[in-house]
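Just so we're on the same page: letters track the sequence lines, and every chain starts at 1.
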Protein chains: 2
Amino acid sequence: MSTEDRKKREQQRRRTQIISAAETVIERKGFQQATMDEIAEEAELSKGTLYLYFSHKEALYLAINKKGLQKLNDRFLHVMQQDQQGIELVKDLGDSFLSFITSNPNYTKALIYYESVINEEKLEENEPAQECEEIGRQLLMYLTRAIQIGMQDGSITNQMEPKLLAVQIWGSMRGMMQLYQVRSQHHLQKMLQDLEMNMETMIRQFLDVQIKGIQTSN
Amino acid sequence: MSTEDRKKREQQRRRTQIISAAETVIERKGFQQATMDEIAEEAELSKGTLYLYFSHKEALYLAINKKGLQKLNDRFLHVMQQDQQGIELVKDLGDSFLSFITSNPNYTKALIYYESVINEEKLEENEPAQECEEIGRQLLMYLTRAIQIGMQDGSITNQMEPKLLAVQIWGSMRGMMQLYQVRSQHHLQKMLQDLEMNMETMIRQFLDVQIKGIQTSN
DNA sequence: ACTCATTTATGACCTTTGGTTATTTATTAC
DNA sequence: GTAATAAATAACCAAAGGTCATAAATGAGT
């Protein structure tokens with residue numbers, strides 16, 4: 001059915017239009033301050049219509065987060081397609097995560113928002129959250145794969161369980177993300193200035209420590 | 001003035017009473033779901049009274065966070081009083097952080113909540129947030145000191161700037177915290193089960209990697 | 001013990017905002 | 001062209017954070 005297809009497409013377009021409006025408002029007002037009314041106005045729709053496409057405000061926010069996660073996923077995939085030593089893959093995944101953070105502050109905020117939400121809710125009955133979880137799983141899988149490759153080619157110590165190591169590195173990378181995000185913190189900012197450093201060099205050093213921590217000692 | 005002193009004390013008691021009531025409600029309902037009405041009821045006070053002691057709901061929440069940070073601060077202080085090699089101090093700080101997380105889930109939640117809030121607000125004009133920042137600075141100072149000691153006694157590589165290294169380790173530890181907190185995530189939980197591991201061993205491995213990453217190579 | 005000034009507490013009230021729904025408008029199939 | 005279905009609207013509701021006029025309690029001075 002051609003008409004049915006077109007409908008599907010138009011529905012999809014409305015969805016992305018709403019998401020895009022939400023992103024604009026969030027950029028302007030911040031995550032917690034953005035209201036459904038303002039998003040509706042920005043999207044040139046009525047508020048009721050928003051709820052035709054997103055069951056809750058949270059579902060809309062999760063859709064934004066999903067979009068960000070997908071971008072990150074693309075970067076990771078690109079890295080994994082290179083033919084390199086495992087340790088180099090890990091390093092590159094770290095680098096691409098860093099560059100993702102710096103060039104997508106809004107999606108970074110979305111990720112942090114997401115984290116703070118999911119501990120309060122049971123995600124079983126939350127479809128959009130499940131979708132985010134799925135991409136998260138995917139990202140973790142890339143990292144695990146890189147570690148496994150490194151263990152096989154001898155560039156990463158095989159004393160540890162690859163999956164576990166992946167989770168752990170992933171977790172600490174997100175810690176860096178958080179740090180980057182709250183760089184507005186005055187004392188942190190000031191300290192970096194005093195040291196004539198910036199956040200990027202710090203995160204790069206973080207990656208160095210991780211690499212040194214997991215590479216085969218010789 | 002004795003009466004004035006007593007008043008001060010009673011005011012303080014009211015404050016802690018409200019905080020304690022809030023903690024109870026938060027335990028019952030979760031951070032985002034707890035309402036000022038319910039906290040007031042739990043504290044056997046009217047809602048208006050709550051606002052006599054805390055200017056905003058957020059100020060109350062920050063007070064809870066501060067309480068948690070102080071507990072953590074006590075632990076860190078205790079570690080730093082031991083006479084040990086720098087690298088051991090760092091390890092012990094990590095351990096005590098881990099045990100703090102596992103034994104204080106509510107304060108951990110508070111910390112995560114706090115993190116998600118402060119990026120949205122300018123904390124200059126936010127006194128309770130400033131107090132939390134101050135303790136955070138203190139915690140970071142302990143870690144910095146431990147690293148400096150380690151660099152002096154030769155147990156930690158002196159290739160890096162101690163302050164910067166401290167921030168970075170602190171950041172990744174908080175990443176672990178976040179990971180621990182959302183352990184409800186089904187797939188993570190399941191993965192750990194499959195590997196016959198638990199969150200504690202993972203965090204312990206995380207500490208091992210960090211230690212290996214910063215110790216003097218030989 | 002009484003009075004009055006000041007502090008502390010109350011609960012009715014306001015406002016914002018996420019979410020709902022009866023109604024209207026547009027679209028599609030016949 | 002018309003009936004049926006889908007999409008959009010705007011008025012509305014309810015929950016929750018926050019305020020304020022009023023009342024109760026407290027304390028100092030006589």
>> For nucleotides 10-19 of chain D, give me one character per nucleotide, 5' to 3': B if any protein heavy atom sits under 4.0 Å from the base, S if the only such contacts are to the sugar-phosphate, - if neither.
In response: B-----SBBB
>> Test of understanding: with salt bridge (charged side-chain N to carboxylate O under 4.0 Å, His left out), list the residues that count as partners of B/Glu10, not counting sequence neighbours.
In response: B/Arg6
>> Taking only side-chain N and O atoms of B/Gln11, does any of them lie within less than 4.0 angstrom of OP1 or OP2 on C/dT7?
In response: no
> Using 4.0 Å as the upper bound for N to carboxylate O, is an ion pair formed by B/Lys91 and B/Asp208?
Replying inline: no
> In whole Å, what is the span from the CZ atom of A/Phe31 to the P atom of C/dG18?
Replying inline: 13 Å
> Starting at CZ of A/Arg15 and ending at P of D/dA8, how long is that distance when rounded to a whole Å?
Replying inline: 14 Å
> Between D/dA6 atom C1' and A/Glu10 atom CD, what is the distance in whole Å?
Replying inline: 12 Å
> Tell me: CD of B/Glu44 to C1' of C/dT10, nearest whole Å?
Replying inline: 15 Å
>> On the nucleotide C/dA9, are OP1 or OP2 found under 4.0 Å from the side-chain N or O atoms that B/Arg14 carries?
In response: yes
>> When you measure from the side chain of A/Asn73 to the backbone of A/Leu69, do you find a donor-acceptor pair of N or O atoms at a distance under 3.5 Å?
In response: no
> Roughly how many Å is it from CG in A/Leu45 to P in C/dT25, rounded to a whole number?
Replying inline: 17 Å
> Are OP1 or OP2 of C/dT8 and a side-chain N or O of B/Tyr53 less than 4.0 angstrom apart?
Replying inline: no
Can you give me every donor-acceptor pair (side chain of residues 162-171 of chain A, partner residue at least two apart or in another chain, under 3.5 Å) with its distance?
from, atom 1, to, atom 2, distance (Å)
A/Gln168, OE1, B/Gln205, NE2, 3.0

> Would you say A/Tyr113 and A/Asn65 make side-chain contact, with heavy atoms under 4.5 Å?
Replying inline: no
> Quick one: B/Leu52 CG to C/dG11 C1', roughly how many Å, whole number?
Replying inline: 13 Å
>> Measure CD1/A/Ile39 against C1'/C/dG19 and give the value in whole Å, please.
In response: 14 Å
> Between B/Glu27 and B/Asn106, do the side chains contain an N or O donor and an N or O acceptor separated by less than 3.5 Å?
Replying inline: yes
